[in-house]
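One-based numbering along the sequence shown. Note that ligands are numbered from 1 as they come in the structure, with each ligand's atoms numbered from 1 the same way. Keep in mind that this is a model prediction, so the values were computed, not measured.
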Amino acid sequence: MTEHVQVEKNKNGILTITLARPDKKNALTDAMYGKLADTIHSAESDPSTRVLLIRGEGDMFTAGNDVGEFAAVASGKSEGSRNVGRFIQSLARCSRPLIAAVQGRAVGVGTTMLLHCDLVVLADDTLLSTPFVSLALVPEAASSLLMPARIGYARAYEMFALGETVSAKAALAWGLANRVVPLDKLDAEALALAQRLARQPAGALTATKKLMRNGEALVAQMLAEGEQFAQRLRTAEAREAFTAFAERRPPDFTKVS
Ligand code: COA
């Protein structure tokens, strides 16, 4: 449902994108990815949009991809998301400054999208996690490249392979975030940073980002990951992971090959 992503632009050209499905912990559906991709895409051709700020409503930033939609692919009932690729590629190619304001949990793509943000503000209760392997999947959104580059192979491998959660304090120390603030200051801090960026010369910001990030190399990594991801989604391991989530029990991978 597209109303699960809300978009608002203020007079200073700050486009705030809110994940608004709090009853499902802002889990991302194909329709939500579609609206996110369209929003970022149209911001690119609108000179009055100077900064994009992404946030989540409720007690969590996002619990990641909707597990029900993953399960539908794993059981052969769906072909898979049409829009997730468009969304992550729009992040990689976004020329405007991207800021994230994150509270509670950021799971899966909730964490990997932060690697594409230029400034990340965390509430002090935040836990980041990328439990792709625990779901019998592989990392996406170019995180297999960006995460080890950002925090080192040892930490990245633990996050991916063991699904380790990372506290806000560790995320700050490891360079995954710029600021950690009390929860009640989160939106104000992110907005203050957005206002500062909106006052900077837009051309110089765009040129700086282009020098710092190679969008096309990231998209190439996304495509390689996407092939593996699509294959893994259709395995017996993945069916066990999603069935276990639906049945609210731990998965048992010892009986599937
Ligand atoms: N996809 C679909 N629904 C999700 C979801 C997801 N990723 N994450 C949470 N939900 C739903 C739950 O099924 C529940 O729905 P219900 O009220 O209809 O039963 C609701 O959101 C609340 O979630 P709940 O698990 O009760 O909240 P919690 O605070 O106890 O735990 C999480 C929050 C994020 C730790 C937990 O929901 C979780 O592990 N979610 C799955 C995360 C995940 O694996 N994402 C994919 C990453 S690739």
Proximity to ligand 1 by part of Ala63, non-hydrogen separation under 4.0 Å = both
Give me the nearest non-hydrogen protein atom to [atom] as residue plus atom name, then the distance to 0.1 Å.
atom	value
atom 33 (C) of ligand 1	Met60 CE, 3.4 Å
atom 7 (N) of ligand 1	Asn65 O, 3.0 Å
atom 28 (P) of ligand 1	Lys25 CE, 4.2 Å
atom 36 (C) of ligand 1	Phe245 CE1, 4.7 Å
atom 21 (O) of ligand 1	Lys24 CA, 3.3 Å

Non-hydrogen atom of [X] closer than 4.0 Å to ligand 1:
X	answer
Asp23	yes
Arg248	yes
Glu69	no

Are [X] and [Y] close enough for a salt bridge, meaning some N to O gap below 4.0 Å?
X	Y	result
Arg249	Glu240	yes
Lys25	Asp59	yes
Arg96	Asp118	no
Glu57	Arg21	no

Val67 N/O under 3.5 Å from ligand 1 N/O = yes
Give the atom numbers and elements of ligand 1 that come within less than 4.0 Å of a heavy atom of [X].
X	result
Ala27	1 (N), 2 (C), 5 (C), 6 (C), 7 (N)
Val107	42 (C), 43 (C), 45 (N), 47 (C)
Leu135	44 (O), 46 (C), 47 (C), 48 (S)

Listed partners of Arg55 passing salt bridge (charged side-chain N to carboxylate O under 4.0 Å, His left out), at least two apart = Asp187
request  = Please say whether more than 12 non-hydrogen atoms of neighbouring residues, nucleotides or ligands are located less than 6.0 Å from OH in Tyr157.
outcome  = no
task = Measure centre to centre between the rings of Phe229 and Phe70, then say whether the value is under 6.0 Å.
result = yes
message = Measuring only between side-chain heavy atoms, which start at C-beta, is Val84 closer than 4.5 Å to Asp30?
response = no
